[in-house]
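Please read all numbers here as calculations on a predicted model, not as lab measurements. Lettering of chains follows the sequences in order, A, B, ..., and the numbering in each one begins at 1. As a basis for the values below, the full set of heavy atoms in this structure was taken, side chains included, without hydrogen atoms, waters or symmetry mates.
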There are 2 protein chains.
Amino acid sequence: MATGRTHRPATRSRGIPEATVARLPLYLRALTALSERSVPTVSSEELAAAAGVNSAKLRKDFSYLGSYGTRGVGYDVEYLVYQISRELGLTQDWPVVIVGIGNLGAALANYGGFASRGFRVAALIDADPAMAGKPVAGMPVQHTDDLEKIISDNGVSIGVIATPAGAAQQVCDRLVAAGVTSILNFAPTVLTVPDGVDVRKVDLSIELQILAFHEQRKAGEESAADDGDGAAEPAVTKAQHRKGPDGDVPAVMPA
Amino acid sequence: MATGRTHRPATRSRGIPEATVARLPLYLRALTALSERSVPTVSSEELAAAAGVNSAKLRKDFSYLGSYGTRGVGYDVEYLVYQISRELGLTQDWPVVIVGIGNLGAALANYGGFASRGFRVAALIDADPAMAGKPVAGMPVQHTDDLEKIISDNGVSIGVIATPAGAAQQVCDRLVAAGVTSILNFAPTVLTVPDGVDVRKVDLSIELQILAFHEQRKAGEESAADDGDGAAEPAVTKAQHRKGPDGDVPAVMPA
DNA sequence: GACTGTGAAGACTTTCACAGCA
DNA sequence: TGCTGTGAAAGTCTTCACAGTC
């Protein structure tokens with residue numbers, strides 16, 4: 001099974017597990033805060049607490065990077081900040097473009113967290129001619145027509161898509177064709193990309209839906225004190241339901 | 001993907017794995033699109049493609065909900081929309097408050113994806129007195145002083161935090177004290193909450209950092225064609241590095 | 001014949017618990 | 001003594017592959 005992988009092949013991360021990679025930014029944030037308070041060293045226990053994970057996990061994560069701690073003492077804060085930054089590729093400058101300057105795109109353009117982590121917003125792009133030239137976050141919005149030129153002139157390899165869902169795939173295709181190989185997608189749609197291009201998505205409503213799921217559980221559990229198969233509601237219960245083409249089930253949702 | 005929850009052992013989700021729950025909104029979105037095109041049934045293969053997962057995973061996921069398909073045919077779109085909505089708790093109305101009406105908070109307030117999924121923005125709250133009364137997304141911003149009253153008057157159990165990092169924990173504490181049991185956190189900080197409260201976080205810069213990590217790998221791999229232990233760079237390689245209190249390593253990062 | 005539902009295998013992730021070093 | 005680094009165990013998630021059903 002050489003190349004023909006379906007979609008997300010875990011991207012051969014030179015031994016560092018994906019789950020660990022996803023936590024490195026968390027550690028980095030906690031470490032940066034310590035660094036700003038001039039704390040010289042930190043134990044796995046303390047750092048784990050600051051990052052919101054447990055210490056065994058943190059130590060295991062760090063063990064994939066190397067042996068950067070000192071037994072009996074802990075980790076040198078500055079040194080670890082450097083190592084993690086390097087591992088994440090943050091010691092270099094990453095120009096990014098944001099496409100789709102609506103409410104969300106504008107908020108992203110104004111978001112300080114990017115610049116402070118080695119990301120530089122190289123351009124803001126929107127399809128609306130009326131937006132062109134208007135300043136957002138101190139930077140003139142450019143028109144989609146120039147997308148390809150902007151990408152190549154600035155050597156951009158990371159693109160952020162904040163367009164409506166309908167436009168996202170098209171924008172994505174153009175970004176990829178122009179040389180972008182990493183995409184952060186805020187549009188509520190699935191993007192199809194060729195092999196070698198990474199996509200990460202952030203969907204605001206999905207997060208709320210997951211919360212709602214657990215919230216519903218909590219409410220249900222209040223009544224059923226025992227931990228059984230708490231089928232508190234008279235609703236359809238698991239496998240036993242057989243659907244009919246009609247039945248008592250509402251056929252449509254509140255769209 | 002942004003995960004949440006401070007620690008807690010998987011919140012007793014009545015058998016449905018957390019990973020499955022996290023994908024239900026994805027399926028729901030794909031199904032809703034099919035429904036709008038009046039597609040009556042769909043196979044696991046088709047739906048999986050539309051949701052960006054593979055079909056085995058999708059079938060396994062659905063098997064946790066019940067036997068809702070028909071062998072040889074596929075799934076009834078409307079029926080599945082209903083079942084998933086119910087499972088996620090979207091057949092009821094969830095009032096939410098957004099605290100922190102800066103760029104991001106305002107973007108969230110304007111975001112259409114909430115309302116269409118059973119979430120109703122009940123109030124916008126900000127600490128800045130100058131914001132109070134100003135309309136955002138057709139709704140007057142209210143002052144933090146009234147937070148507790150707003151929560152209880154509206155029966156809010158889900159809160160969205162979009163404040164600066166420094167204010168987030170305090171806002172969180174007040175939300176929780178007022179009765180909120182689910183929190184979606186956009187502030188780049190770890191929130192501490194009591195047992196029984198769920199937190200999910202979305203951190204924009206973390207997603208970019210993960211992309212940067214993979215981006216850096218891609219750049220590195222270009223040189224090393226063979227798939228060996230591609231230690232292409234002359235940099236520190238795994239466990240063999242021994243740190244000194246100085247050495248050739250820069251001690252400080254570009255903050 | 002087509003497609004779902006699911007045990008079983010495999011991969012990945014977390015946690016435990018302790019040896020080993022400063 | 002105090003704390004890291006890590007094998008091994010436990011737990012979770014994904015994938016396979018095929019029996020079962022329409």
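With rounding to whole Å, B/Tyr27 atom OH is found 13 Å from C/dT4 atom P. The NZ-C1' distance, from A/Lys60 to D/dC3, rounds to 16 Å in whole Å. In this structure, A/Glu45 atom CD and C/dC16 atom P are separated by 12 Å, rounded to whole Å. Following rounding to the nearest Å, B/Asp76 (CG) and D/dC22 (C1') show an atom-to-atom distance of 15 Å. Between the CG atom of A/Leu58 and the P atom of D/dG5 there is a distance of 10 Å, given to the nearest Å.
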Discussion item. Set out, in order, the CA-CA distance, both residues' side-chain angles and the distance that settles side-chain hydrogen bond (donor to acceptor under 3.5 Å, both in side chains) for A/Ser35 and A/Glu78, then state yes or no.
Written reply: CA-CA 7 Å; A/Ser35 173; A/Glu78 296 300 328; 2.7 Å; yes

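For the pair B/Tyr75 and D/dC22, the criterion of a side-chain N or O lying under 4.0 Å from OP1 or OP2 is not met. OP1 or OP2 of C/dT14 has not a single side-chain nitrogen or oxygen of A/Asn54 nearer than 4.0 Å. For B/Lys57 and D/dC13, the shortest distance from a side-chain N or O to OP1 or OP2 is not below 4.0 Å.
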With the criterion being N/O to N/O and under 3.5 Å, what pairs connect the protein with nucleotides 17-20 of chain D, and how long is each?
| from | atom 1 | to | atom 2 | distance (Å) |
| --- | --- | --- | --- | --- |
| D/dA17 | N6 | B/Arg59 | NH2 | 3.4 |
| D/dG20 | N3 | B/Arg71 | NH1 | 3.0 |

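Under the salt bridge (charged side-chain N to carboxylate O under 4.0 Å, His left out) test applied with A/Asp203, the options B/Arg117, B/Arg200, B/Arg29 reduce to a single match, B/Arg29.
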Return all side-chain donor-acceptor pairs below 3.5 angstrom for residues 161-168 of chain A, not counting sequence neighbours, or 'none' if the list is empty.
none

Using distance only, find each side-chain donor-acceptor pair of residues 53-60 of chain A under 3.5 Å and give its atom names and separation, not counting sequence neighbours.
| from | atom 1 | to | atom 2 | distance (Å) |
| --- | --- | --- | --- | --- |
| A/Asn54 | OD1 | A/Ala56 | N | 3.1 |
| A/Asn54 | OD1 | A/Lys57 | N | 2.9 |
| A/Ser55 | OG | A/Glu45 | OE1 | 3.4 |
| A/Arg59 | NH1 | A/Ser44 | OG | 3.2 |

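Considering only side-chain atoms of A/Glu18, the nucleotide from D/dT14, C/dT13, D/dG5 that sits closest is C/dT13. Side chain of B/Arg23, nearest nucleotide from D/dT14, C/dT4, C/dT14: D/dT14.
Ion pair B/Arg217/A/Glu87 flagged as a salt bridge, since at least one NZ, NE, NH1 or NH2 atom sits closer than 4.0 Å to an Asp/Glu carboxylate oxygen.
At least one donor-acceptor pair closer than 3.5 Å links the side chain of B/Trp94 to the backbone N or O of B/Gly89.
Annotation: of the two residues near DNA chain C, B/Ser44 and A/Ala19, the 5′-most nearest-nucleotide partner is B/Ser44.
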